[in-house]
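Side chains included, hydrogens not; waters and symmetry mates left out as well; all remaining heavy atoms used. Numbers here simply count residues along the sequence, with the first being 1. Counting starts at 1 for both ligands and their atoms, in listed order.
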Amino acid sequence: MDILKAPFLTDMTRVSEQIYAKGWGEANGGNISIRITPKEMLPFEKSLCVGQEVTLPFAMPDLAGDYFLVTGTGVFFRNIASSPLESLGIVHINPNGETYSVVWGYSTGGRPTSELPSHLLSHVARKKASGGQDTVVLHTHTTNLIALSFVLPLDMATVTRELWEMMSECLVLFPDGIGILDWMLPGQLDIGHETARLMEKHHLVLWAHHGIFGAGKNMDQVFGLIETAEKAAEMLLKVMAAGGKQQAISTEQLKALAKTFNVTPQTGVLD
Ligand code: 13P
Ligand code: ZN
């Protein structure tokens with residue numbers, strides 16, 4: 001079977017184009033990783049070729065044996081669909097969880113995104129929190145969520161509540177709220193650990209003055225989650241620019257919404 005027709009690859013190229021079209025993927029901004037189980041990789045094994053082995057900054061036994069389709073560092077999102085073999089790569093976490101090998105892609109000498117620590121550590125957190133369901137981690141430079149991080153206090157409860165109030169879908173789609181990180185140096189292990197710590201409780205983590213990390217069970221779910229939060233952020237900025245709220249969905253109404261849609265609001269947001 002042609003690996004370029006594999007669902008994980010078509011998902012990646014399709015969503016990369018949509019991210020560019022949304023204006024969130026300027027230049028090389030953003031990166032994506034998809035976890036692929038050894039079983040899912042079986043039909044494509046003939047396309048793989050074990051290459052360079054790289055030592056991970058520390059062992060990740062929870063990911064041992066897993067494959068990850070990862071965008072390359074410096075790759076422009078608008079070019080991913082037309083040149084997947086150059087823009088993307090698949091890494092295989094070796095059985096000891098201490099190293100990975102590139103087994104496909106990066107055909108012109110590329111390497112995985114500089115945000116690989118944040119991606120892999122988020123996968124560890126979400127794999128555990130979701131009982132193995134979550135497979136996608138998506139980082140992108142969402143214009144309005146970034147803008148909001150300049151005007152709202154950087155705490156989970158405030159930002160989550162403000163977004164939930166913007167439209168009924170928000171609480172239903174992200175009842176676990178949005179984790180918030182103060183600005184940190186990108187591409188480092190530290191921001192990876194902090195992101196993963198928040199990913200234990202949230203599917204969305206806002207990197208102040210930088211972008212958003214989203215995780216979930218498939219690409220459509222994660223994209224939908226991010227575009228909903230981003231739309232809410234856009235509306236909030238418009239409301240602020242128009243002089244602020246005159247009325248909004250009340251705490252009691254948000255609680256009724258959660259009850260009706262059978263979701264549990266993140267602790268501390270409505271209390
Ligand atoms: P990469 O090009 O290394 O993926 O970095 C882009 C980015 O968004 C850094 O946060
Ligand atoms: Zn970024």
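Under the 4.5 Å side-chain heavy-atom criterion for ILVMFWY residues, no single connected hydrophobic cluster contains both Leu163 and Met199.
If you look at His210 and His141, their ring centroids are closer than 6.0 Å. Annotation: Phe150 is in aromatic contact with His209 [ring centroid separation under 6.0 Å]. Here His119 and Phe68 keep their ring centres 6.0 angstrom or further from each other.
Nearest protein neighbour of atom 8 (O) of ligand 1, counting heavy atoms only, is Gly30 N, 2.9 Å. At the top of the distance list for atom 4 (O) of ligand 1, counting protein heavy atoms only, stands Thr113 OG1, 2.7 Å. Ranking protein heavy atoms by distance to atom 7 (C) of ligand 1, first place goes to Asn31 ND2, 3.4 Å. Of the protein's non-hydrogen atoms, the one nearest atom 6 (C) of ligand 1 is Asn28 O, 3.2 Å. Protein heavy atom at the shortest distance from atom 10 (O) of ligand 1 is Glu115 OE2, 2.5 Å.
The 12-atom threshold is not exceeded at OH of Tyr20, counting heavy atoms of other residues, nucleotides or ligands nearer than 6.0 Å.
Of the listed residues (Asn28, Thr71, Asn31, Thr73), just one forms a side-chain hydrogen bond (donor to acceptor under 3.5 Å, both in side chains) with Thr113, and that residue is Asn31.
Of all atoms in ligand 1, numbered sequentially from 1 with element shown, those under 4.0 Å from a heavy atom of His139 are 8 (O), 10 (O). Residue His210 has at least one heavy-atom neighbour below 4.0 Å for each of these atoms of ligand 1: 10 (O). Those atoms of ligand 1 that come under 4.0 Å of a heavy atom in Thr73, given as number and element, are 1 (P), 2 (O), 3 (O). Remark: ligand 1 atoms within the under-4.0 Å shell around heavy atoms of His141 are 8 (O).
Between the side chain of Ser83 and the backbone N or O of Glu86, no donor-acceptor pair lies under 3.5 Å.
Residues Phe8 and Met12 fail the side-chain proximity criterion, which asks for heavy atoms closer than 4.5 Å.
Polar contact with ligand 1: absent for Trp207 (N/O pair, distance under 3.5 Å). Residue Gly74 places at least one N or O, backbone or side chain, under 3.5 Å from an N or O of ligand 1.
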